[in-house]
Amino acid sequence: MLIDGHGRKVNYLRISVTERCNFRCQYCMPEKPFSWVPRENLLSFEELFEFVKVAIDEGIEKIRITGGEPLLREDLDKFIGMIDDHKKGLDLALTTNGYLLADVASKLKDAGLKRINISIDTLKPDVAAKIAQKDVLHKVLKGVDEALRVGLKVKVNMVPLKGINEDEIVDVMEYAKKRGMTIRYIEYMENVHAKSGLRGLSGKEILSKVKERYSIRKIGREGSSPAFNYVTDDGYKFGVIDPHKHDFCESCNRIRLTAEGHLIPCLYFDEAMSIRDAVKAGDIAKATEILKEVLRNKPEKNRWSEEDGEESSRAFYETGG
Ligand code: SAM
Ligand code: SF4
């Protein structure tokens, strides 16, 4: 079992397999970054897997693959297959924008993927094209249909933005509800990479839009999840992630690994350590030592407000959201 320096059990690893993306979402990566991590600096799936084995053997029980856009990396199904073969029954999940999903959903499911989160901010093609700066909606919705058809458990992530998609909060819920998917609304987190002038809806504002259609009742948080759950009067369960009000640090159970091999204990890079040399040398003892040191130094609280004021310098596409 992995316990951090503040007594929290850490059993969740998020792996960002690439920082690159085929969308340019206004709230995340509106411009291509000034520089990408050079491809030769990325760890191969075999190298990432060396670390994943250590992490699982030490107590990681849940792995989420994210990015950037993870489906841009070829052979992702093989990576998922390696993890699944190492430990059957692991909670293996993926977060994607869905654009390339229709062609690979079946392969991913066969490889051992259990769950998938798909970002859907709107059901209007022109609004999707405005947010992602590309005509994307048709392919994304096809991806959702295919993921459901092959039997993956699907959740929808929506980031409500003022003047852009705030009028669709209930419509996207209805779309998810009709297909048996849970929706989670995520408050827009201000960050220096996002398009300037964007404004998100607060959790309270999101709920008041839902209340225009439904009466709702609070359920609460499940385990270490950052989402606060609610249920509508007709029994549909949904979640709201409101980092402006709650920091979730007390129950944080996660660490993050980037495509370059930085092991990040919290949402900031400061305390990150690299597992790169250890996995390249096949040095399991060293990789284990680094994992334990990162956990010992995992901060008690994130420094979003304290360090950056209103705007975070964190790039969602680097750490994987
Ligand atoms: N490309 C994939 C996707 O969009 O689902 C995975 C990576 S993306 C960084 C993961 C999640 O972070 C997405 O659900 C996205 O909506 C969310 N996200 C990105 N930028 C955000 C921001 N500024 N505030 C809140 N959520 C954000
Ligand atoms: Fe790409 Fe996801 Fe960021 Fe949008 S939110 S730019 S899809 S990484």
Side-chain angles (χ1 to χ4, degrees), residues 1-2 9-18 20 22 42-120 139-140 142-157 179-182 184 222-225 227 253-259 261 263 275 279 282 284 287-288 291 319-321:
M1 191 192 290
L2 291 167
K9 180 179 167 191
V10 172
N11 61 359
Y12 180 15
L13 173 65
R14 292 175 72 101
I15 309 174
S16 170
V17 292
T18 179
R20 292 172 194 247
N22 45 359
L42 295 186
L43 291 178
S44 67
F45 282 145
E46 286 71 21
E47 289 162 345
L48 287 171
F49 181 56
E50 284 304 310
F51 179 76
V52 168
K53 279 190 288 188
V54 168
I56 293 174
D57 295 346
E58 290 293 327
I60 290 294
E61 296 166 324
K62 172 176 174 184
I63 294 183
R64 176 171 296 277
I65 294 169
T66 174
E69 176 45 42
L71 297 184
L72 285 180
R73 261 192 91 163
E74 245 172 80
D75 293 336
L76 189 68
D77 59 308
K78 296 204 178 108
F79 182 48
I80 287 170
M82 288 180 209
I83 301 174
D84 187 61
D85 285 347
H86 184 70
K87 187 156 186 189
K88 289 280 170 208
L90 194 84
D91 184 0
L92 207 40
L94 174 77
T95 302
T96 172
N97 62 32
Y99 190 75
L100 299 172
L101 186 58
D103 290 340
V104 294
S106 167
K107 273 203 295 193
L108 294 172
K109 169 83 167 52
D110 290 348
L113 189 71
K114 311 273 184 322
R115 300 185 297 116
I116 195 159
N117 287 7
I118 307 180
S119 302
I120 302 178
K139 280 190 74 171
V140 171
K142 244 176 95 182
V144 173
D145 290 344
E146 184 60 8
L148 291 170
R149 192 191 68 76
V150 302
L152 284 163
K153 216 172 153 204
V154 185
K155 267 188 196 160
V156 169
N157 286 343
R179 289 163 181 77
M181 308 183 287
T182 303
R184 292 186 327 166
E222 252 169 48
S224 301
S225 166
N253 64 342
R254 58 193 65 188
I255 47 172
R256 294 173 155 81
L257 180 65
T258 71
L263 191 59
I275 51 112
V279 295
I284 303 300
T288 310
L291 170 61
T319 51

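Numbers for residues simply follow the sequence, beginning at 1.
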Is there a side-chain contact between [X] and [Y], using heavy atoms and a 4.5 Å cut-off?
X	Y	value
D110	K107	no
M181	K155	no
L257	L48	yes
L101	L108	yes
I15	T66	no
V156	I118	no
T182	V154	no
L291	I255	yes

Find the distance between [atom1] ([X]) and [atom2] ([Y]) and round it off to the nearest 0.5 Å.
X	Y	atom1	atom2	value
K153	N117	NZ	CG	10.5 Å
F45	D75	CZ	CG	7.0 Å
Y12	S225	OH	OG	9.0 Å
T18	I65	OG1	CD1	13.0 Å

query: Any chance NZ of K139 has more than 12 other-residue heavy atoms, nucleotides or ligands included, within less than 6.0 Å?
result: yes
- prompt: Would the number of heavy atoms belonging to other residues, nucleotides or ligands and lying under 6.0 Å from NZ of K62 be above 12?
  reply: yes
Non-hydrogen atoms of [X] and [Y] that approach each other most closely:
X	Y	answer
D77	A111	O-CB, 3.2 Å
G261	L43	CA-CD1, 3.5 Å
F49	F79	N-CE1, 3.9 Å
I56	K87	CG2-CD, 3.5 Å
V140	N97	CG2-O, 3.4 Å
S224	R254	O-NH2, 4.1 Å

message: Apply side-chain contact (heavy atoms from CB on, under 4.5 Å) to residues I116 and T95 and explain how you reach the verdict.
response: CA-CA 6 Å; I116 195 159; T95 302; over 6 Å; no
message: Please tell me whether N22 and E69 have a donor and an acceptor in their side chains that are separated by less than 3.5 angstrom.
response: no
Donor-acceptor pair between S16 and R256 side chains, under 3.5 angstrom: no
query: What's the verdict on side-chain contact (heavy atoms from CB on, under 4.5 Å) for I63 and L90, showing C-alpha distance, side-chain angles and the deciding distance?
result: CA-CA 8 Å; I63 294 183; L90 194 84; 3.7 Å; yes
task: For F51, enumerate each residue passing the ring-ring contact (aromatic ring centres under 6.0 Å, His included) test, keeping only those at least two apart in sequence or located in another chain.
output: none
Side chain [X], main chain [Y], donor-acceptor under 3.5 Å:
X	Y	result
R73	V17	yes
R14	R64	no
E50	E47	no

Hey, is [X] close enough to [Y] for a salt bridge, meaning N to O under 4.0 Å?
X	Y	result
K88	D84	yes
K114	D91	no
E61	K9	yes

query: Are M82 and K53 close enough, and set up right, to give a side-chain contact (heavy atoms from CB on, under 4.5 Å), and what steps lead you there?
result: CA-CA 10 Å; M82 288 180 209; K53 279 190 288 188; over 6 Å; no
